[in-house]
Amino acid sequence: MEETKVEAALNNVRAAIFCNNAKDSQGQYSGWCESYDKDADTLNYQSPPQAAKMFGKHCKDAKTVLDVATGTGKAAQLIRGEYGYDGDLDLLDFNLNMLQQADKKKLNIRKFIQHWVDDTGELPVKEGSYDVIICVGSFVPNHVPATAMCGLIVCSIYRAYTVLQPSHL
């Protein structure tokens, strides 16, 4: 039996999240990066639009934004496109291939930061560097640990918004 588009997309999600360790997870993303957005659309993944909507409602006056574990930059793309954010926007992800996919979107990004977010949530930026930090769908196994939340908040002087990965994925 041939795998449907939904089954294939779900299998890619499972392979990236429910692997043995973070290194294996990053390997999955490296191979998945070019079809990631297509799979997210196939699954009607709503976390980036929800995060962007909250940003548009609560953070329009922000001057500096960091999208942590940005992946291909889906939330950043919506913040720029649908909500017209024109301030400084930095993208952080450990996976260079995913950051390269985000760069292809030509979102006028100030900085691309390749960094692994560990248990402490410490980032390679000065404390208070950002008005807003967004982290979408990343508090799952082998990704950003929940314990990193405090460290992420320290880097933001304004608000930190998080939209968690839907439980069915």
Side-chain angles (χ1 to χ4, degrees), residues 16-17 22 25-26 29-30 32-34 36-41 43-140 142-166 169:
I17 294 175
S25 177
Q26 292 305 309
Y29 280 110
S30 291
W32 184 26
C33 64
E34 291 186 20
Y36 178 90
D37 285 346
K38 183 178 170 186
D39 284 353
D41 292 342
L43 296 172
N44 195 28
Y45 181 46
Q46 290 298 304
S47 294
Q50 289 172 8
K53 182 178 178 181
M54 285 190 287
F55 178 89
K57 183 176 180 181
H58 299 290
C59 305
K60 285 186 178 191
D61 58 340
K63 304 259 188 283
T64 56
V65 176
L66 175 64
D67 185 353
V68 171
T70 190
T72 62
K74 285 184 76 64
Q77 184 176 25
L78 293 166
I79 288 167
R80 283 278 197 236
E82 289 190 27
Y83 295 94
Y85 178 69
D86 63 356
D88 291 335
L89 179 58
D90 296 347
L91 303 183
L92 182 147
D93 201 278
F94 183 72
N95 192 290
L96 185 58
N97 294 332
M98 294 295 266
L99 285 172
Q100 289 170 338
Q101 290 299 314
D103 187 34
K104 289 178 182 179
K105 294 178 180 178
K106 305 293 184 204
L107 300 174
N108 191 26
I109 302 303
R110 181 177 68 168
K111 286 191 279 189
F112 289 91
I113 304 166
Q114 185 183 18
H115 177 75
W116 178 258
V117 180
D118 65 13
D119 291 337
T120 67
E122 290 183 22
L123 301 177
V125 298
K126 182 180 170 187
E127 288 184 9
S129 297
Y130 295 96
D131 296 327
V132 176
I133 292 179
I134 296 174
C135 188
V136 179
S138 301
F139 294 98
V140 296
N142 299 310
H143 289 64
V144 178
T147 56
M149 183 66 74
C150 291
L152 296 177
I153 291 170
V154 167
C155 289
S156 174
I157 59 172
Y158 188 61
R159 297 184 176 107
Y161 283 102
T162 301
V163 177
L164 299 176
Q165 182 83 22
L169 297 180

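Here, residue 1 is the first one in the sequence, and each next residue gets the next number. Just so we're clear, the structure is a prediction, and the values are computed from it rather than from any experiment.
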Is E34 atom CD crowded by more than 12 heavy atoms from other residues, nucleotides or ligands, each under 6.0 Å away?
no
Between L89 and the options V65, T70, T64, the side chain to side chain contact (heavy atoms under 4.5 Å, CB included) test singles out V65
Could you check whether any side-chain heavy atom of [X] comes within less than 4.5 Å of a side-chain heavy atom of [Y], counting everything from C-beta outward?
X: V117; Y: L92; answer: yes
X: L66; Y: S129; answer: no
X: I79; Y: I134; answer: yes

Decide yes or no on side chain to side chain contact (heavy atoms under 4.5 Å, CB included) for Q101 and W32, but give the supporting numbers first.
CA-CA 11 Å; Q101 290 299 314; W32 184 26; over 6 Å; no
So, for [X] and [Y], which heavy atoms are closest and what is the spacing to 0.1 Å?
X: L107; Y: A102; answer: CD1-O, 4.5 Å
X: R80; Y: G87; answer: NH1-O, 2.9 Å
X: F139; Y: L152; answer: CZ-CD1, 4.1 Å
X: L91; Y: L99; answer: O-CD2, 4.1 Å
X: D67; Y: A76; answer: OD2-N, 3.7 Å
X: S30; Y: N95; answer: OG-ND2, 3.1 Å

Quick check for you: to the nearest 0.5 Å, what is the distance between M149 atom CE and C135 atom SG?
7.0 Å
How many angstroms lie between OH in Y36 and CG in N97, if you round to the nearest 0.5 Å?
14.5 Å
Donor-acceptor check, side chain of [X] to backbone of [Y], threshold 3.5 angstrom: yes or no?
X: S138; Y: V136; result: yes
X: K105; Y: T72; result: yes
X: H115; Y: V68; result: no

Sequence neighbours excluded - ring pair (Phe, Tyr, Trp, His ring centres under 6.0 Å) pairs with any residue from residues 74-101:
F55-Y85, F94-W116
Salt bridge D90-R110, side-chain N to carboxylate O under 4.0 Å:
yes
K104 and D37 ion-paired at < 4.0 Å
no
Would you please name every residue forming a side chain to side chain contact (heavy atoms under 4.5 Å, CB included) with D119, sequence neighbours left out?
P145, T147
